[in-house]
Amino acid sequence: MSVLPVAPPAASAEDPGPLGTLATAARRVGTMCLVELQRLRHDRSELVTRAVQPALWLLVFGQVFTRIHAIPTGDTPYLDFLAPGILAQSALFIAIFYGIQIIWERDAGVLSKLLVTPTPRMALVTAKAFAAGVRAVAQAVVVLLLALVLGVALSPNPLHWLGVVVALLLGSAFFCCLSITIAGLVLSRDRLMGIGQAITMPLFFASNALYPVELMPGWLQVINHVNPLSYEVEALRGLLIGTPARLWLGFAVLVLAAAAMITIASSLLPRLVRG
């Protein structure tokens, strides 16, 4: 008596394949990004209050130094030179304390519940990075409107503005994940706040946000060349006011830095929960 062969199970039922895996991961990242966007809807007033500090930099520091010509910027007015740097600074200040939020989620038990779901750790971190970028872009609108009122000559090219959004998203992603990485190492809200405050201003002053690289002493130029904020500022400056910029290098550095920091922050999430 012959036995009918049993058909093997469909491969697609067990193994979705690389494209299916990528699609599933993309959907989960998108879902977590939507969750973060829902949270931002309740913090709209914070976007305005956070814009006060960059507004003061433009109104006070920018206009005073423009009048006294203390920092040579060639044919570019100092206020025009400064505006992209303050834009990057405001994004930095938003993103660098995102680790505090994830510690709050750990203390509330939310993070441990998320980690036992099928959602990849990288999706959780990417969503936080995306939320930091959205906050930075929203605040950038306020800063750029003020810059226009003050007479800063900004590029009218819509492609340049799209590049500004991408640069802000990538820069914010890097610093947000740097903050999450520090949170995963120190495990304490107080320690994270102390370290965040200790590194924020050095990152800012060791970049080209306030003055040209040529004016820096040699040792500071070395730090500037390894500071991701400097590449973000250079890209923003080239896109917004048309100064010479190595856009391809700036975006390559920002993409690699953001991807590396997302990976590192994702690997430290379980340690944060155990701590």
Side-chain angles (χ1 to χ4, degrees), residues 33 37 40 44 47-48 50-51 53-59 61-63 65-66 69 71-95 129-176 203-204 207-215 224-225 227-259:
C33 289
L37 285 177
L40 294 181
R44 285 173 289 187
L47 296 176
V48 177
R50 283 185 178 272
Q53 188 178 45
L56 289 175
W57 275 95
L58 288 177
L59 288 169
F61 190 88
Q63 291 200 311
F65 275 71
T66 298
H69 303 285
I71 300 177
T73 53
D75 296 331
T76 304
Y78 182 69
L79 190 61
D80 293 28
F81 179 88
L82 179 66
I86 298 305
L87 202 63
Q89 179 224 43
S90 65
L92 164 65
F93 285 6
I94 285 176
F130 174 75
V134 171
R135 284 180 183 269
V137 171
Q139 183 167 301
V141 174
V142 179
V143 176
L144 290 174
L145 286 175
L146 178 59
L148 285 171
V149 171
L150 294 175
V152 175
L154 299 177
S155 170
N157 190 331
L159 291 178
H160 289 181
W161 289 83
L162 179 61
V164 168
V165 171
V166 174
L168 288 173
L169 288 173
L170 291 172
S172 300
F174 171 80
F175 290 112
C176 169
L203 281 170
F204 178 50
S207 74
N208 53 357
L210 296 178
Y211 25 70
V213 179
E214 296 77 19
L215 300 181
N224 170 79
H225 290 318
N227 185 355
L229 186 65
S230 298
Y231 294 93
E232 181 182 357
V233 172
E234 182 179 344
L236 291 174
R237 197 167 277 145
L239 292 166
L240 286 172
I241 63 173
T243 56
R246 302 162 298 174
L247 292 178
W248 62 271
L249 176 62
F251 280 103
V253 169
L254 290 174
V255 168
L256 292 175

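Computed from a predicted structure; not experimentally measured.
Considering CD1 of Ile86 and CG of Leu92, their distance stands at 11.0 Å, rounded to 0.5 Å. Summarising the geometry, atom CZ belonging to Phe204 is positioned 4.5 Å from atom CH2 belonging to Trp57; distances are rounded to the nearest 0.5 Å. Atoms CG and CZ, on Leu169 and Arg135 in that order, are 14.0 Å from each other to the nearest 0.5 Å. Rounding to the nearest 0.5 Å places CD of Gln89 at 9.0 Å from CG of Leu229. A distance of 10.0 Å separates CG in Leu247 from CG in Leu236, rounded to the nearest 0.5 Å. Summarising the geometry, atom OG belonging to Ser90 is positioned 7.0 Å from atom CG belonging to Leu168; distances are rounded to the nearest 0.5 Å.
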Could you walk me through whether Ser230 and Asn224 pass side chain to side chain donor-acceptor pair (under 3.5 Å), step by step?
-> CA-CA 6 Å; Ser230 298; Asn224 170 79; 2.6 Å; yes
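The heavy-atom pair separating Leu203 from Asn227 by the smallest distance is O-ND2, 2.8 Å. When every heavy atom of Phe251 is checked against every heavy atom of Ala167, the shortest pair comes out as CE2-N, 3.8 Å.
Within the 4.5 Å cutoff, the side chain of Leu58 has no heavy atoms near those of the Val152 side chain.
Judged purely by atom type and a 3.5 angstrom limit, Arg237 has no side-chain atom pairing as donor or acceptor with the backbone of Pro244. A distance-only check finds no donor-acceptor pair linking the side chain of Glu232 to the backbone of Leu254 [under 3.5 Å].
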Using atom types as modelled, flag every donor-acceptor pair under 3.5 Å from a side chain in residues 71-84 to any protein atom, sequence neighbours excluded.
from	atom 1	to	atom 2	distance (Å)
Thr73	OG1	Thr76	O	2.5
Tyr78	OH	Leu210	O	2.8
Asp80	OD2	Ala153	N	3.3

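Among residue pairs with one or both ends in residues 149-171, those qualifying as side chain to side chain donor-acceptor pair (under 3.5 Å) are Ser155-His160; sequence neighbours excluded.
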